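Small disclaimer: the values here were computed from a predicted structure and weren't measured. Residues take their numbers from the sequence shown, with the count starting at 1.
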Amino acid sequence: MKKILFTVIGLSIALTSKAQDAANKKLQAGLIIGTGMNFQKMGTKNLNTNGIGGDFNIGANLNFNINENIAFNTGLEFDISTVRFEASATNPVFYKFNDTEIIRKGEWGANNTVFQLTERTQSAKYISIPTMFLFRTNFIGYFRYFGKFGLRHSILADSKSNDVGYVVTPGDAVQSKNENMKRKNEMLFYKGSIGLCGGAEWNFTGSTCLMAELGYYYGFTPLYYSPKEDKMSLYTSSLVDGNKFFSNAATQSQLMLKVSVLF
């Protein structure tokens, strides 16, 4: 019995001493990769969500260790994020376009073609910077567990959309797809979110750790930006009201799974 007890105590001491290489580091840096689901809340009755969007994330993270249990997390990440929505069945939605450019009201011309939008899948590329506090347990063997809370700042780099609908001409409408469409200054350049995450860290060799986390990010800024009617492109049309332009003031929340290797 004493031999078993001494063996367990000795093994625990050995595991703890190995984990101290990671626990005592002032800075951890490494690569991160993740995927997730996007949930949109549409800010207008003219558009409805059309399933769940997706997100792919890759980049580098830094943990500045304040002490063994608290750290500040930041880094530089690249996101490819999709938004999916459809036009309301009761309010047909239109826009004008020229080639792959969606035209805003104030820039309408005689050569623009009318498109009736039924579905849109919009892809946006962001450069993201997390600023979060990380709260950790002490190592239990090779493992410790953590929670993260803070802000995630995303700067828009590019966006385009693939649309399904109808090309409208006088007296006719032909089913069509508009792919790789762009509209000037459609999406807000900044996307901010509040994140709450939890996960585990495995010190699998030396001071190198593998981290896995699941997080929920609540978006507190709108995805789209159209402050004036002349800058809007989407509109509804009827014989009674004519063309009525509207802004898509959607917001977004994300559920993300991330894995990182820190050195």
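A perpendicular orientation is assigned to the rings of Tyr95 and Phe97, their planes being inclined by more than 60° (bins at 30° and 60°).
Side-chain atoms of Asn73 do not come within 3.5 Å of backbone N or O of Phe133 as any donor-acceptor pair. In this structure, the side chain of Asn98 does not engage the main chain of Glu101 through any donor-acceptor pair within 3.5 Å. For Thr251 (side chain) and Gly219 (main-chain N/O), no donor-acceptor pair under 3.5 Å exists by modelled atom type. Remark: side-chain polar atoms of Asp172 are not paired, donor with acceptor, to backbone N or O of Thr169 under 3.5 angstrom. One N or O on the side chain of Thr35 and one on the backbone of Asp55 form a donor-acceptor pair closer than 3.5 Å. Looking at Asn67, its side chain does come within 3.5 Å of a backbone N or O of Asn69 through a donor-acceptor pair. Looking at Asn63, its side chain never comes within 3.5 Å of a backbone N or O of Ala29 through a donor-acceptor pair. Judged by distance alone, the side chain of Asn162 and the main-chain N or O of Asn180 form a donor-acceptor pair under 3.5 Å. Remark: the backbone N or O of Gly51 is not paired with any side-chain donor or acceptor of Thr49 at under 3.5 angstrom. With hydrogens and angles disregarded, no donor-acceptor distance shorter than 3.5 Å links the side chain of Asn57 to the backbone of Ile33.
The structure places CG of Leu214 at 6.0 Å from CG of Leu257, a figure rounded to the nearest 0.5 Å. In this structure, CD1 in Ile102 is found 8.0 Å from CG in Leu117, a value given to the nearest 0.5 Å. Between atom CG of residue Asn38 and atom CD1 of residue Ile52 there is a gap of 9.5 Å, rounded to the nearest 0.5 Å. Atom OG of Ser247 sits about 10.0 Å away from atom OH of Tyr224, to the nearest 0.5 Å. Atom-to-atom distance recorded for Leu151:CG and Ile129:CD1 is 12.0 Å, nearest 0.5 angstrom. The structure places NE2 of His153 at 11.0 Å from OG1 of Thr221, a figure rounded to the nearest 0.5 Å.
Looking at heavy atoms from C-beta onward, Ser176 lies out of side-chain contact with Tyr166 at the 4.5 angstrom threshold. A 4.5 Å side-chain heavy-atom check between Thr236 and Phe246 finds at least one atom pair inside the cut-off. Side-chain contact between Lys191 and Gln252 is present, with at least one heavy-atom pair separated by less than 4.5 Å. With a 4.5 Å cut-off on side-chain heavy atoms, Gln122 and Ser81 do not count as touching. You'll find the side chain of Asp79 stays beyond 4.5 Å of the side chain of Phe56, heavy atoms only. Taking the side chain as every heavy atom from C-beta outward, Met256 and Tyr217 approach each other to under 4.5 Å. Here the side chains of Thr208 and Leu262 are not in contact, with every heavy-atom distance at 4.5 Å or above. In this structure, the side chains of Arg104 and Met232 stay at 4.5 Å or more apart for every pair of heavy atoms.
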> Checking side chain to side chain donor-acceptor pair (under 3.5 Å) for the pair Glu201/Gln28: CA distance, chi angles, key distance, verdict?
Replying inline: CA-CA 12 Å; Glu201 179 179 354; Gln28 291 176 293; 3.1 Å; yes
> Is there a side-chain contact (heavy atoms from CB on, under 4.5 Å) between Ile103 and Ser233 once you walk through the steps?
Replying inline: CA-CA 6 Å; Ile103 309 300; Ser233 58; over 6 Å; no
>> Test side-chain contact (heavy atoms from CB on, under 4.5 Å) on Leu223 and Val83; report intermediate values, then the result.
In response: CA-CA 10 Å; Leu223 290 177; Val83 180; 4.0 Å; yes
> Do Leu234 and Arg183 pass the side-chain contact (heavy atoms from CB on, under 4.5 Å) test, and can you show the C-alpha distance, the side-chain angles, and the key distance before you say yes or no?
Replying inline: CA-CA 11 Å; Leu234 298 178; Arg183 205 215 78 176; over 6 Å; no
>> Using the rule given for side-chain contact (heavy atoms from CB on, under 4.5 Å), can you reason through Glu229 versus Lys105, listing the C-alpha separation, both sets of side-chain angles and the distance that settles it, and then say yes or no?
In response: CA-CA 7 Å; Glu229 187 171 305; Lys105 180 187 176 183; 2.4 Å; yes
> Would Lys184 and Glu107 satisfy salt bridge (Lys or Arg N to Asp or Glu O under 4.0 Å), going step by step from the backbone distance to the final call?
Replying inline: CA-CA 11 Å; Lys184 188 187 302 181; Glu107 301 167 344; 3.7 Å; yes
>> Run Thr44 and Asn248 through side chain to side chain donor-acceptor pair (under 3.5 Å) and show every step you take.
In response: CA-CA 6 Å; Thr44 171; Asn248 181 8; over 6 Å; no
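Checked by atom type, the side-chain pair Asn48/Glu86 shows no donor-acceptor distance below 3.5 Å.
Two different hydrophobic clusters hold Phe139 and Leu134 under the rule that ILVMFWY side chains link at heavy-atom gaps under 4.5 Å. Hydrophobic clustering keeps Trp202 apart from Phe146 (ILVMFWY residues linked when any side-chain heavy atoms are closer than 4.5 Å, directly or through intermediates).
A salt bridge does not link Glu213 with Lys258: none of the charged nitrogens is closer than 4.0 Å to a carboxylate oxygen. A salt bridge links Arg152 with Glu77; the closest basic N to acidic carboxylate O contact falls under 4.0 Å. Under the 4.0 Å criterion applied to side-chain N and carboxylate O atoms, Arg120 and Glu186 are assigned as salt-bridge partners.
Heavy atoms of other residues, nucleotides or ligands lying less than 6.0 angstrom from OH of Tyr218 number 12 at most. More than 12 heavy atoms of other residues, nucleotides or ligands lie within 6.0 Å of CZ in Phe220, so this atom counts as buried by the packing criterion. Environment of CZ in Phe149: sparse, with no more than 12 heavy atoms of neighbouring residues, nucleotides or ligands closer than 6.0 Å.
The cationic group of Lys96 does not satisfy the cation-pi geometry with Phe115, failing either the under 6.0 Å distance to the six-membered ring centre or the 45° limit from the ring axis.
Aromatic ring centroids of Tyr235 and Trp108 lie under 6.0 Å apart.
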